[in-house]
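These notes are about the structure you will find just below.
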Amino acid sequence: MTARIIDGKDIAAGFSQAVANAVKHVTEEHRIEPGLAVVLVGDNPASEIYVRSKTAKTAAVNMRSLFYKLPATVPEAELLEQIERLNQDPTVHGILVQLPLPPQIDSRKVIEAIAPLKDVDGFHPLTAGLLSTGLPGIVPCTPLACIMLAKKVHGSLAGLEAVVIGRSNIVGKPLAQLLLMENATVTIAHSKTRDLPEVCRRGDIVFAAVGQPEMVRGDWIKPGATVIDVGINRVSAGQGKTKIVGDVAYTEVAEIAGAITPVPGGVGPMTIACLMLNTLKAACAQNNLPPPDVAA
Ligand code: NAP
């Protein structure tokens with residue numbers, strides 16, 4: 001079997017266009033220009049790339065993009081003051097602080113400092129609580145992207161066996177919550193899971209969010225299953241060069257799976273499109289407008 005490739009880049013382009021249209025409508029009808037502020041601390045090259053693509057995409061969907069770069073040595077208090085200024089600014093509807101942060105800064109404090117209504121990453125404990133109790137609120141971008149891509153293959157996820165490898169607060173746990181809301185039967189695996197290959201073989205859909213290059217092998221996958229690869233790992237490509245690979249051994253798994261996301265070009269671009277949706281949703285909520293109707 002050769003898997004169908006779930007083209008995240010293409011799907012994200014279509015979805016971003018729908019978000020851009022909805023932004024235009026909100027701007028014209030209600031005179032609100034949704035604004036996203038991105039804060040980068042330090043010079044982590046990967047973070048620089050992510051931030052650049054987020055700010056470019058913000059402008060591309062007709063939203064206001066603000067960018068704040070702080071030195072790697074910035075004291076925690078100064079970063080928290082910057083966040084508070086953005087919390088108070090009515091023209092800023094979404095705030096994203098790019099992780100990871102330098103060691104002198106407590107990421108948890110930073111996440112909790114962002115006003116929940118402007119928490120477009122969806123990492124605030126209040127946002128996580130809303131999601132886990134099934135109440136309306138912002139949904140973290142990467143898990144939302146995973147669900148949208150899986151639904152492109154399956155339509156409904158109801159009754160499917162879903163295996164999520166990884167239990168982080170930003171990907172694995174919220175993804176499992178969303179899968180439950182979609183009526184999938186969910187297994188969450190992690191570094192202490194016994195016989196992970198056998199657990200994965202149960203999955204009609206396997207989501208890999210581990211941070212281990214090409215860990216998921218072909219014989220871990222049930223023939224015909226869908227594989228969504230969240231991982232972004234930089235590895236050596238020989239001759240001093242590097243390349244990005246996922247958490248899934250792509251070539252091997254594509255021989256067995258029914259559908260698979262590539263890395264790059266799968267979950268990554270869809271995650272950014274979901275960030276745009278979240279910023280638009282936040283702008284609507286802050287102006288007492290109904291949530292935007294953007295078809296996936
Ligand atoms: P994380 O916080 O480091 O969590 C990794 C999870 O994987 C943990 O739950 C860990 O288990 C589990 N794990 C690690 N090694 C394992 C092993 N050998 N077997 C089974 N489970 C193992 O990472 P994250 O933030 O969730 O990110 C995961 C990956 O997704 C990374 O590659 C990251 O770069 C990528 N990512 C991509 C996007 C995107 O837009 N595409 C967004 C966010 C993250 P324990 O809990 O037991 O330690």
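Worth knowing before you read on, the calculation uses all heavy atoms, side chains too, and leaves out hydrogens, waters and symmetry mates.
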Between [Y] and [X], is there a side-chain heavy-atom distance shorter than 4.5 Å?
X      : Y      : result
Ser168 : Lys173 : no
Leu280 : His93  : no
Val139 : Pro174 : no
Leu157 : His154 : yes
Val267 : Asp229 : no
Val227 : Ile221 : yes
Ile105 : Pro102 : yes
Ile6   : Val153 : yes

Do [X] and [Y] sit within salt-bridge range, that is, some charged N less than 4.0 Å from a carboxylate O?
X      : Y      : answer
Lys222 : Glu161 : no
Glu48  : Lys69  : yes
Glu112 : Lys109 : no

Backbone N/O of [Y] and side chain of [X]: donor-acceptor pair under 3.5 Å:
X      : Y      : answer
Asn287 : Ala283 : yes
Ser47  : Asp43  : no
Glu78  : Val74  : no
Thr242 : Ala237 : no
Asn278 : Val120 : yes
Arg4   : Ile260 : no
Asp119 : Phe123 : yes
His190 : Lys192 : yes
Asn87  : Ala115 : yes
Asp247 : Met215 : no

On a heavy-atom basis, which atom in [X] and which in [Y] lie closest, and how many Å separate them?
X      : Y      : answer
Cys146 : Leu175 : CB-CD1, 3.8 Å
Val216 : Ala208 : CG2-CB, 4.1 Å
Ala72  : Val41  : CA-CG1, 4.3 Å
Pro116 : Thr127 : O-OG1, 4.5 Å
Ile114 : His124 : O-CD2, 3.3 Å
Pro292 : Cys284 : CD-SG, 3.9 Å

Output the distance between atom [atom1] ([X]) and atom [atom2] ([Y]), rounded to the nearest 0.5 Å.
X      : Y      : atom1 : atom2 : answer
Ser16  : Ile11  : OG    : CD1   : 11.5 Å
Ser191 : Arg167 : OG    : CZ    : 5.5 Å
Met148 : Leu277 : CE    : CG    : 7.0 Å
Ile147 : Met270 : CD1   : CE    : 11.5 Å
Leu79  : Tyr68  : CG    : OH    : 13.0 Å
Gln98  : Asp121 : CD    : CG    : 7.5 Å

Test side chain to side chain contact (heavy atoms under 4.5 Å, CB included) applied to Arg234 and Lys243, step by step: CA-CA 6 Å; Arg234 187 169 288 280; Lys243 61 176 181 176; over 6 Å; no

Worked check of side chain to side chain contact (heavy atoms under 4.5 Å, CB included) between Val23 and Val26: CA-CA 5 Å; Val23 170; Val26 164; 5.8 Å; no

Cluster overlap [X] with [Y], hydrophobic side-chain contacts below 4.5 Å:
X      : Y      : result
Leu130 : Leu275 : no
Ile138 : Leu86  : no
Tyr50  : Val230 : no
Val110 : Val39  : yes
Val206 : Val248 : yes

Evaluation steps, side chain to side chain contact (heavy atoms under 4.5 Å, CB included), between Glu76 and Gln104: CA-CA 7 Å; Glu76 183 183 89; Gln104 79 277 14; 5.6 Å; no

Option among Ile205, Leu179, Leu178, Val171 that satisfies the side-chain contact (heavy atoms from CB on, under 4.5 Å) test with Val164: Leu179

Side chain to side chain contact (heavy atoms under 4.5 Å, CB included) between Val163 and Phe207, intermediate numbers included: CA-CA 6 Å; Val163 176; Phe207 298 87; over 6 Å; no

More than 12 heavy atoms from other groups under 6.0 Å of CG on Asp219: yes

Between Thr58 and Arg64, a side-chain donor and acceptor under 3.5 Å: no

Any side-chain donor near an acceptor of the partner, Gln286 and Lys118, under 3.5 Å: no

